[in-house]
Each structure stands twice: as C-alpha cells, then as structure tokens.
2 protein chains.
Amino acid sequence: MDLLSMEKNKAKSQSSRESYRWFWDALDSYLSDKNLKQTQQRRKLIELFLKMNNHISAEELHDAARKAGHNIGLATIYRTLNLLSEADLVEQKSFVNGRHVYEVNMPGEHHDHLICLKCGLVIEFENEEIEKLQERIATAHKFELKAHRLDLFGHCANKEECDLRNTN
Amino acid sequence: MDLLSMEKNKAKSQSSRESYRWFWDALDSYLSDKNLKQTQQRRKLIELFLKMNNHISAEELHDAARKAGHNIGLATIYRTLNLLSEADLVEQKSFVNGRHVYEVNMPGEHHDHLICLKCGLVIEFENEEIEKLQERIATAHKFELKAHRLDLFGHCANKEECDLRNTN
DNA sequence: GTGAATGCAAACATTTTGCAGGGTG
DNA sequence: CACCCTGCAAAATGTTTGCATTCAC
C-alpha cells in the first residue's frame, strides 16, 4: 500500500535534455501547420521554460530571461505562452490570486497537485484509481470527460524549509 | 453502481430559507469576535448571494444588487466577499480567466464540479471514495490535508440547452 | 518582399487601497 | 464618540492590443 511508489517519477525524465524532443517536434509541426515562424526569442523562452521547474508564471519567465541576458518584452512572454497553450503543449492554470502559471502538458499524463498552503510547495502526483472514479462519475452524469483538475491543499511536513520559503 | 444516487442532493436544502441559519450564526460570531459591525450593505449583499446560485462573481453580485435597487459600490462587494472568505464561510475559486467566483462553504461538505466546456454548465457532485483516496495520498506525502479542489471538464449530454447557453 | 514577430507603450480587466463622510455598537 | 464601513476615485496588478520596426521564410 505504498502510494508513493505507485506514482511515476517524472522529475528524472524531465531533467534530461533529450526527453523534450517530442516537445520541440510537436512545436515545429504546429508552427509550420499554421504558417508561423521560428524566432530567436521563442526558442530562448521555451528553452528556459523547459529548464525551469513546472508551474512558471509569465513574470518568472520574464525574470529568467532577463537574468540569462535576453531583453525580451513581457508581451512576448505572454504571446509565447499563449501560443504553447493553443498548441496544447503547455497548460495554463490558476492556483491562487489572479496569476496564471503554466506547465508542460505531457500527452497522456496527468498533473494533479499537492500544494502547501504555507509555503507554496507543489508536489505532483498521479493516481489511477482516482482517474477511473472520475471517468465513472462523468459517465454517470452523461458527460464526455475531456480534462480534469485535482488540487489538494494542506500543510507540508518539512517545517524549516516551509518557513524559509514562506519568508519570500 | 448508481453513482448519482450516492451523492447528496444539496439543491433542495440550499433553496429553503431556514437552511442558512448556520451561515448567519457563524457570521454573527465572526463579526463580534473580530469587533466588526453589522451593516445594511453586508446583510443585503449576503442575502442576495445566498439566494443566487453558487459560483457568483463580484460583478454578478454587483449587478444583482443594482437590480434589487441598492446602490452598493463594487469595492464593498469585494470587501464583503473577502470578509466571508476569511471567515471561511465562502470559498474563492478561479475556474477560468482571471475572474474569481465564490461559493458557499458548507462545513463538512465538499464541492467538486463537473463543468461543460461548451456551455459552462456546472454540476456539483460528491464522492466518498475519491475523498478517501485524497486523504491517503496526502498522508503518503506527509501532508496534512486542509482542502481540495476537483473539477472535471467535459461536454454535457444535452445538446439543445448547451447550444442555447453557449450563445450568451 | 510578404507577412509574422518583436518591443514598447497604451489599453484593458479585475481587484485593492486611500480618503472623507456616514453609520454602528 | 470611537472606530468600523461605505462610496468614490485612484492605484495596483495581471494580461492583451496597437503600432512601427525588424526578422524569418
């Protein structure tokens, strides 16, 4: 009954460079489909975005770009993220506030979240049983299920790190 | 295996006047605890809010107040909704866009949603099995679970009504 | 070269805040 | 009568849009 081991470990696969091949490929075909262009800024932004942890806001990506020495307008950040969103390559979420955060949309994978209310720590998890139940509930209501969002809010265990993050 | 009948029917209990006694009581004690005051505007707004269906935005409540003949500033709407939010009497959510919607926070009850992507129809449901699984997942990650949000997105069955609502 | 992409600034939408006046306990 | 609450307007926040210029194909 070890739930933890039932969840796939995505962190590893996401950190290697090659694992995002599918992302760049999908982007390429989306761009040529729509007669859109590859640009320096887009490539740089997406590289940065993929290197950062998930749940990035436009502002964070903007800062990251500036720190990497690129002078890219905030408008371009939004336009790029919206593009990726329309291409179904990232997902736009709003956890709290009016702030949108974006995350890579791995096809066929789901992104449920455990979120610490004190420090904002986000842990991803996946649970097949819950997925199945969701399908059953949708069917019972004659809904054709397209997507879902499951966020669990609580307090994480690690007091020190939690307090640390909280001071930001 | 009839999931529908496993869910409590809240619509009925919410529509009767008396059923919100607990809400007003909780509000009273919150206000006196914090040395806050009862005012005409607050009472009116809350009465309206409780009479309306759930998932109300500040703007919608503002309109409702205007239509009821009250001249209440939008700032007061926000301040009231935030007050109720801090008192844990309503829950602030953001389904889409940057728009917050609010719903009554029935103590001990959960508000999961089935949302039609085409027409915006919202159906509430409750499922004990999912609740239990959530608790287990949180525990496995050493989280103390405080709240959750589960939204299922899909397409509803009723084509005509769906198209109708969609034109708004 | 044509049309899309960029940066900037202005526009926009939603929510918060400052302030003077009015109401509640 | 102290202090909270209100309405209004201004500010703050997050996101989008218009426009002239630059860049990709």
Side-chain angles (χ1 to χ4, degrees), chain A residues 24 27-49 55-66 68-87 90-102 120 168, chain B residues 24 27-49 55-66 68-87 90-102:
Chain A
W24 291 105
L27 179 62
D28 280 358
S29 71
Y30 182 82
L31 291 180
S32 52
D33 265 23
K34 301 260 178 183
N35 270 40
L36 306 179
K37 321 208 155 164
Q38 309 249 190
T39 66
Q40 292 282 325
Q41 288 93 331
R42 265 187 207 159
R43 256 192 300 273
K44 286 297 173 198
L45 284 178
I46 295 169
E47 268 171 30
L48 280 171
F49 181 76
H55 314 109
I56 303 301
S57 68
E59 206 65 54
E60 286 170 320
L61 188 52
H62 193 212
D63 287 350
R66 165 167 297 126
H70 307 297
N71 182 22
I72 301 183
L74 187 52
T76 300
I77 314 276
Y78 278 107
R79 284 190 274 231
T80 300
L81 289 172
N82 287 342
L83 173 81
L84 294 177
S85 206
E86 294 206 357
V90 311
E91 213 178 329
Q92 188 190 64
K93 315 206 154 188
S94 52
F95 281 140
V96 273
N97 312 12
R99 227 190 193 95
H100 288 158
V101 296
Y102 300 81
N168 298 342
Chain B
W24 292 105
L27 178 63
D28 280 359
S29 72
Y30 182 82
L31 291 179
S32 52
D33 265 22
K34 301 260 176 182
N35 271 41
L36 306 179
K37 320 210 155 161
Q38 309 248 189
T39 66
Q40 292 282 324
Q41 289 93 329
R42 282 222 257 257
R43 255 192 301 274
K44 286 298 173 194
L45 284 179
I46 295 170
E47 269 171 30
L48 279 172
F49 181 76
H55 314 107
I56 302 301
S57 69
E59 205 65 53
E60 286 171 321
L61 187 53
H62 193 213
D63 287 350
R66 166 166 298 126
H70 307 299
N71 182 21
I72 301 182
L74 188 51
T76 300
I77 313 275
Y78 278 107
R79 283 190 274 233
T80 301
L81 288 172
N82 288 342
L83 173 80
L84 294 177
S85 206
E86 293 204 357
V90 310
E91 211 178 330
Q92 188 190 65
K93 316 206 152 187
S94 50
F95 278 139
V96 273
N97 312 14
R99 229 191 189 95
H100 289 158
V101 295
Y102 301 82

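We name chains A, B, ... by the order of the sequence lines, and we start the count at 1 in each one. Keep in mind that what you see is a predicted model, and the values were worked out from it rather than measured.
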Q.
Looking at C:dG25, I'd like to know if its phosphate oxygens (OP1 or OP2) sit under 4.0 Å from a side-chain N or O belonging to B:Asn35.
A. no
Q: Could you tell me whether the side chain of A:Lys37 has a donor or acceptor atom within less than 3.5 Å of a complementary atom in the base of D:dC23?
A: no
Q. On DNA chain D, nearest-nucleotide positions of B:Lys34 versus B:Thr76: which is more 5'?
A. B:Lys34
(Q) So if I take every side-chain heavy atom of A:Gln41 and compare against D:dT6, C:dT16, C:dG7, which nucleotide ends up nearest? (A) C:dG7
Q.
Working to the nearest 0.5 angstrom, can you tell me the gap between B:Leu45 CG and B:Leu61 CG?
A. 5.0 Å
Q) Taking for each residue the nucleotide of DNA chain D bearing the nearest heavy atom, is the 5' side occupied by B:Ala75 or by B:Arg42? A) B:Arg42
Q: Any chance you could lay out the side-chain contact (heavy atoms from CB on, under 4.5 Å) test for B:Leu31 and B:Arg42, step after step, and finish with the verdict?
A: CA-CA 11 Å; B:Leu31 291 179; B:Arg42 282 222 257 257; 4.3 Å; yes
Q | Proximal nucleotide (of D:dC5, D:dT17, D:dT15) relative to the A:Leu74 side chain | A | D:dT15
Q.
Using OP1 and OP2 only, check whether a side-chain N or O of B:Tyr78 sits under 4.0 Å from C:dT16.
A. no
Q | Closest non-hydrogen atom pair, B:His55 against B:Glu60 | A | O-OE1, 3.7 Å
(Q) Without decimals, in angstroms, what is the distance between A:Glu86 CD and C:dA4 C1'? (A) 15 Å
Q | Rounded distance in Å - CG (A:Asn71) to P (D:dT21) | A | 18 Å
Q. What is the distance from CZ of A:Arg43 to C1' of D:dC25, rounded to the nearest Å?
A. 12 Å
Q: To the nearest 0.5 angstrom, please state how far the NZ atom of B:Lys44 sits from the OG1 atom of B:Thr39.
A: 11.5 Å
Q. Over how many whole Å does the gap from A:Leu61 atom CG to D:dG14 atom C1' extend?
A. 15 Å
Q: Would you indicate what B:Gln38 reaches in the nucleic acid, counting non-hydrogen atoms under 4.0 angstrom: base, sugar-phosphate, or nothing?
A: sugar-phosphate
Identify all side-chain donor-acceptor contacts of residues 74-87 of chain B below 3.5 Å with residues at least two apart in sequence or on another chain.
| unit_1 | atom_1 | unit_2 | atom_2 | d |
| --- | --- | --- | --- | --- |
| B:Thr80 | OG1 | B:Thr76 | O | 2.8 |
| B:Asn82 | ND2 | B:Tyr78 | O | 3.4 |

Q | A:His100 vs D:dG14: side-chain N/O to OP1/OP2 distance below 4.0 Å | A | no
Q: Report which part of the nucleic acid A:Arg79 touches: base, sugar-phosphate, or nothing (heavy-atom distance under 4.0 Å, all strands).
A: base
Q) Pick the nucleotide of DNA chain C nearest each of B:Ser57 and B:Gln40; which residue has the one closer to the 5' end? A) B:Ser57
Q: May I have the distance from B:Asn82 (atom CG) to C:dT14 (atom P), rounded to whole angstrom?
A: 16 Å
(Q) If I take atom CG in residue A:Leu31 and atom P in nucleotide D:dA24, what distance separates them, rounded to the nearest angstrom? (A) 14 Å
(Q) Less than 4.0 angstrom between a side-chain N/O of A:Thr39 and OP1 or OP2 of C:dA5, yes or no? (A) no
Q. Between D:dT6 atom P and B:His62 atom NE2, what is the distance in whole Å?
A. 13 Å
Q. Hey, which of these two, B:Ala58 or A:Ile72, hits DNA chain C nearer its 5' end, going by closest nucleotide?
A. A:Ile72
Q. Can you check the A:Asp33 CG to C:dA4 P distance for me, whole Å?
A. 15 Å
(Q) For a side-chain contact (heavy atoms from CB on, under 4.5 Å) check, start with the C-alpha distance between B:Lys93 and B:His100, then their side-chain angles and the critical distance, and finish with the verdict. (A) CA-CA 6 Å; B:Lys93 316 206 152 187; B:His100 289 158; over 6 Å; no
